[in-house]
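What follows is a single structure, written as structure tokens, with notes after it.
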Amino acid sequence: MPAQIRKHVLFMIFSVFYLTFSFLTYKDYGVTSDEEVNYRAGGVYVEYLFASPEKRQVIEKIASPKDNPQEYPAFRLYPGLVSIINIFSGYEDAHLINLLFGYFGFLVVYLPVFDVTRSKLSIIAPLLLFLNPYYFGHIPGNPKDIPFATLYLFCVYLILKLRINRGVDYVVLGIFLGLLTATRFVGATLFLFLFIKLVFDSSIRTTIPKKLLYFIITGVVSSALLYAIWPYLWHDPFNKLVPLVKNAEAFSFWDRKILFDGKLITKDARPWHYLFTYIFYKTPPLILFGLLGSVFIKSRKTLFIVAIVGFNLVLYLIVQPTIYNEMRHFLYLVPLFTALSATLFINLLNSKRVLISKVALAIILFGLSKMLYDFVLLHPYQYVYFNEFAGKMSDVTKKYEADYWSASYKESSEYLRNLSSQSPAPIRVYPCNLDFGIDYYSHRDFVVVDRPEESDYILCDSLNALKKDLELENRIVFKVVRKGA
């Protein structure tokens, strides 16, 4: 085996394991409440993007407001491609596609860590990311945030790798930064770090004017791609861009209640520490420990990633954008947390002081074992994970949004199907959320109704029961339980 391949043999083994695991488990994961609209609207978006002018006019007339292909940015692109590839149109098949695409997230977290450490131990990075229940739990049923998180870290990696004075490198970077920015405007903040890299990194040996030219090339290519794949900007590119940026920060059309610290609050009533609370509670302690220690690593590339993480957190404090579903909108920081943690652990394991390396190994093995334990116990609802700092799961679900996408409704639906098969007539079920998913899982064995009073059974979760003011505690006949809640 060539030496270059031997360096990556552990990652190759991980790759085989992950892909095998995906094929074995893809049918386990429940439909999430965002999937139906994303696949449908994504399909309309992709069709519109490549349609003739005449066909576009027809699509604009028949598309529902939620599916409007002109307004939505490129985060519809990936769900649209999934809807095209998914020829059988089953949500389970979509979950398999998402799991297979999710592999690239593990690849892009491995690459920068290996680039810094040049160690086989870089396998720690994808292993940490895979065993992080919160991150992995989003892969099957989240066609928005996982692609963005993967693309974000890949762009960071491309910026870190910029050394050679070749224009094509900046064209490639511009393409990916354009796609990233079109997906979410926060991606454009990486241009600041590209500028810092070009101006202050001595490994890019050329004149300042030429560096500025490279920066302009990247910006032009990025802007061209952004406009090319965002139909809304085609007719009035400059005047429409600024309101879109403002709305991305305010997310004005989202106006629902958020459960935080045991209280239902509006989006405007979120405390300043909302994001930081969830980072502290949703990140496994092993990764938190590594993240905090990574600031002491004497590596320019590592400090570059630390700076990007710090900038995003400071930007959140300044802008206070509308976020909900815990820290889902900042899921793209989790692979960065992981890369930093893995780099610290590799440095500790390679320490010349035997005691340090042994203690580090013990901490890592214990931390990974705890992550695996939680991963298995929560399957297939890993995204509801909270760490030990949050307290018992039974208490956490009363204070914070856990199953905010109602993925556990799949298991409840299977129970109701069995119940209905034993009934002389199909039972009537009122779902608090995920109507389309319950209809999908019903297999027409039970009837989905619009009002609680019309139902024989109510299918609900603690979050939506609280929002709808439903008293269900003493009426429970079946409960989906993980880790005591």
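On a predicted model such as this, the values are computed, not experimentally measured, just so you know. If you read the sequence from its start, that first residue is 1, and numbering goes on from there.
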Margin query: For F130 and F21, take the angle between the two ring planes, folded into 0 to 90°, and tell me which bin it lands in: parallel under 30, tilted 30 to 60, perpendicular over 60.
Written below: perpendicular
Margin query: As an exercise, state the distance from OH of Y152 to CG of L331, rounded to the nearest 0.5 Å.
Written below: 13.0 Å
Item checked: Approximate separation, where rounding is to 0.5 Å, of K392 NZ and D395 CG -> 7.0 Å
Next item on the list: Drop me the distance from D374's CG to L131's CG, to the nearest 0.5 angstrom.
Entry: 10.0 Å
Notebook entry, point to check: Between E35 and K144, is there a salt bridge with N-O shorter than 4.0 Å?
Noted result: no
Note to self: Can you list everything that forms a salt bridge (Lys or Arg N to Asp or Glu O under 4.0 Å) with E388? Sequence neighbours excluded, please.
What the structure shows: K370
Notebook entry, point to check: Under 6.0 Å from the NZ atom of K483, do we count more than 12 heavy atoms belonging to anything else shown?
Noted result: yes
Item checked: N/O donor-acceptor pair under 3.5 Å between T189 side chain and V186 backbone -> yes
Next item on the list: Report yes or no: does N86 contribute a side-chain atom to a donor-acceptor pair with the main-chain N or O of D93 at less than 3.5 Å?
Entry: no
Next item on the list: Output yes when a side-chain donor or acceptor of N325 lies under 3.5 Å from a complementary backbone atom of R328, and no otherwise.
Entry: no
Check: Do Q382 and Y135 have side-chain N/O donor and acceptor atoms under 3.5 Å apart?
Finding: no
Next item on the list: Any side-chain hydrogen bond (donor to acceptor under 3.5 Å, both in side chains) involving residues 278-303? Give me the pairs, sequence neighbours left out, ordered by first then second residue.
Entry: D115-K301, K282-E326, S299-T302
Checklist line | With Y409 via ring-ring contact (aromatic ring centres under 6.0 Å, His included) - residues at least two apart | finding: none
Notebook entry, point to check: Is there a side-chain contact between L153 and V156, using heavy atoms and a 4.5 Å cut-off?
Noted result: yes
Note to self: Looking at R76 and V44, would you say the former's side chain and the latter's main chain have a donor-acceptor pair under 3.5 Å?
What the structure shows: no
Item checked: Identified ring pair (Phe, Tyr, Trp, His ring centres under 6.0 Å) partner of F330 from the options F337, F276, Y274, Y316 -> Y316
Check: F304 versus D201: any side-chain heavy-atom pair under 4.5 Å?
Finding: no
Check: Can you tell me if Y383 uses its side chain to pair, donor with acceptor, with the backbone of W405 under 3.5 Å?
Finding: yes
Notebook entry, point to check: Side chains of S122 and T117: is there a donor and an acceptor less than 3.5 Å apart?
Noted result: yes
Next item on the list: Could you check Y29 against H379 for ring pair (Phe, Tyr, Trp, His ring centres under 6.0 Å), going step by step and ending with a plain yes or no?
Entry: CA-CA 8 Å; Y29 309 101; H379 182 80; 5.4 Å; yes
Notebook entry, point to check: Does the K197 side chain pair with the main chain of L160, one donor and one acceptor, at a distance under 3.5 Å?
Noted result: yes
Next item on the list: Please round to the nearest 0.5 Å and tell me the distance separating atom CG of L291 and atom OG1 of T343.
Entry: 11.0 Å
Notebook entry, point to check: If only atom types and distance count, is the side chain of N38 paired as donor or acceptor with the main-chain N or O of D34 below 3.5 Å?
Noted result: yes
Notebook entry, point to check: Is a side-chain donor or acceptor of Y440 paired with a backbone partner of Y91 at a separation under 3.5 angstrom?
Noted result: yes
Item checked: For Y227, all residues meeting ring-ring contact (aromatic ring centres under 6.0 Å, His included), sequence neighbours excluded -> none
Notebook entry, point to check: Any luck finding a side-chain donor-acceptor pair between Y214 and D169 under 3.5 Å?
Noted result: no
Check: Could you go step by step and tell me if Y385 and F375 meet the ring pair (Phe, Tyr, Trp, His ring centres under 6.0 Å) rule?
Finding: CA-CA 8 Å; Y385 169 81; F375 187 100; over 10 Å; no
Note to self: To check you understand the geometry: which heavy-atom pair defines the closest contact between T32 and G141, and what is its length?
What the structure shows: OG1-O, 2.7 Å
Notebook entry, point to check: Is there side-chain contact between V31 and K410, with at least one heavy-atom pair below 4.5 Å?
Noted result: no
Next item on the list: Please indicate whether F366 has more than 12 foreign heavy atoms, meaning atoms of other residues, nucleotides or ligands, lying under 6.0 Å from its CZ.
Entry: no
With a cut-off of 3.5 Å and sequence neighbours excluded, list every side-chain donor-acceptor pair involving residues 104-113.
from	atom 1	to	atom 2	distance (Å)
Y110	OH	H8	ND1	2.6

Next item on the list: Please check if the side chain of N387 supplies one atom and the backbone of F280 the other of a donor-acceptor pair under 3.5 Å.
Entry: yes
Next item on the list: To the nearest 0.5 angstrom, please state how far the CD1 atom of I308 sits from the CG atom of L303.
Entry: 11.5 Å
Note to self: Does F23 have more than 12 heavy atoms from other residues, nucleotides or ligands lying within 6.0 Å of its CZ?
What the structure shows: no
Item checked: Minimum heavy-atom distance between I159 and L190, given as atom pair plus value -> CD1-O, 3.8 Å
Item checked: Exercise: identify the closest heavy-atom pair between S406 and L434 -> O-CD2, 3.5 Å
Notebook entry, point to check: What closest approach, in Å, do S357 and S351 show between heavy atoms, and which atom pair accounts for it?
Noted result: CB-O, 4.3 Å
Note to self: Just so I know, are the side chains of F101 and V82 near enough to count as touching, which here means a heavy-atom distance under 4.5 Å?
What the structure shows: no
Notebook entry, point to check: For the residue pair V221 and G174, what are the closest heavy atoms and their distance?
Noted result: CG1-C, 3.7 Å
Next item on the list: Report the relative orientation of the aromatic rings in H138 and Y134; use parallel for angles under 30°, tilted for 30 to 60°, perpendicular for over 60°.
Entry: perpendicular
Item checked: Given V116, N347, L340, V306, the one that forms side chain to side chain contact (heavy atoms under 4.5 Å, CB included) with I297 -> N347
Checklist line | Whether over 12 other heavy atoms sit under 6.0 Å from F195 CZ | finding: no
Check: How long is the gap from CD1 on I323 to CZ on R270, to the nearest 0.5 Å?
Finding: 5.5 Å
Checklist line | Exam field: side chain S22 to backbone Y18, donor-acceptor pair closer than 3.5 Å | finding: yes
Next item on the list: Applying salt bridge (Lys or Arg N to Asp or Glu O under 4.0 Å), name anything that partners K211, two or more places apart in sequence or on another chain.
Entry: none
Notebook entry, point to check: Which heavy atom of C155 sits nearest a heavy atom of L173, and at what distance?
Noted result: O-CD1, 4.1 Å
Next item on the list: Report the relative orientation of the aromatic rings in Y332 and F148; use parallel for angles under 30°, tilted for 30 to 60°, perpendicular for over 60°.
Entry: perpendicular
